[in-house]
Amino acid sequence: MSLQIIINLVVAIMWMFLAETYSVVSFLKGFIIGALLLFLLRRFIPDAFYLNRLWKMIKLMFLFIKELFLSNIDIVMWVYKPRKDFQPGIFALPIELKSNWEITMLTSLISLTPGTLSVAVSENNEVIYIHAMNIDDTETAIESIKMSFEKAIMEVTR
Amino acid sequence: MSETIDLVRDIIIILLLLSGTFFILSASIGVIRFPDVYTRLHAATKASTLGISGIMIGAFIFLYAEKGIISGKLILGIIFILLTAPPLSAHMIGRAAHSSGIKPWAADGKTRDAYADSIEKNK
């Protein structure tokens, strides 16, 4: 991955020198050309094409923002409901992610989802304890976290 | 022509600022209304982030349109609020509350607390 970034930057700088215009625009042109070259020659370069991963990261960011909006609207609805008909509680979520960085991402995402808030991570990094606004739909919460977030994070890191 | 553009711009700024204040107001009402620390954390950390980002984006557009300033500080502010407020501070306050022995509130008096159970088991 780092090799590909270096190749891309070198191509961009070379393009700048060849075009003899030392500006951001020509650097960007060179960068795009470098990315295209890497894409065309991806069979001969070790590792997967690195912009793929960048694209997945951007997708993860948009997921973040979407969840933020949803959770805000959700919590505002809870605030203005006249009766307190929710059933809060803490439930455990077993996770497959291993490294600290991945778990940090996952807990942040969980805190952003509607009605859930990560409270603690177990010492062997296998379980996250989540406080839910409504514990009755724990099953669906676990399902959605497993399906969308863990998968999205894994796509970026692995 | 430019007057209509100005009008639309002003309307967008007003909507952003109003929705921002609305979310922050709801967050503070939630902090008063909800029964315990954890549910209050939901209100305080989630609803306020969208409120603050709304107000900051509104201020950013206003500064750019009115004074021609591209304010990087506002953008940085939004990014750092998003990075810290809901995930980090909520997690830390929740954890601290739990380790100082606060039980989650329940409407029917039965607390559902898997974390306390697992601590109990590992003793």
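Labels below follow one simple rule: chain letters A, B, ... track the order of the sequence lines, proteins then strands, and each chain is numbered from 1.
- For the options I65(A), V79(A), V76(A), heavy-atom pairs under 4.5 Å to chain B are most numerous at V79(A).
- With H91(B) contributing its side chain and S118(A) its backbone, the two residues share a donor-acceptor pair below 3.5 Å.
- Judged purely by atom type and a 3.5 angstrom limit, S26(A) has no side-chain atom pairing as donor or acceptor with the backbone of M16(A).
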Show your working on ring pair (Phe, Tyr, Trp, His ring centres under 6.0 Å) between F27(A) and Y22(A) and close with a plain yes or no.
CA-CA 7 Å; F27(A) 180 81; Y22(A) 308 101; over 10 Å; no
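- In this structure, chain A has no heavy atom under 4.5 Å from any part of S99(B).
- Within residues 31-42 of chain B, the residues having any heavy atom closer than 4.5 Å to a heavy atom of chain A are R33(B), F34(B), P35(B), Y38(B), T39(B), L41(B), H42(B), listed by residue number.
- Distance alone, capped at 3.5 Å, places no donor-acceptor pair between the T116(A) side chain and the S111(A) backbone.
- Checking side-chain atoms of E102(A) against main-chain N and O of S99(A) turns up a donor-acceptor pair under 3.5 Å.
- The backbone N or O of Q4(A) sits nowhere less than 3.5 Å from a side-chain atom of N8(A) that would complete a donor-acceptor pair.
- Residue Y80(A) touches chain B through both its backbone and its side chain, counting heavy-atom pairs closer than 4.5 Å.
- Checking side-chain atoms of R95(B) against main-chain N and O of M92(B) turns up no donor-acceptor pair under 3.5 Å.
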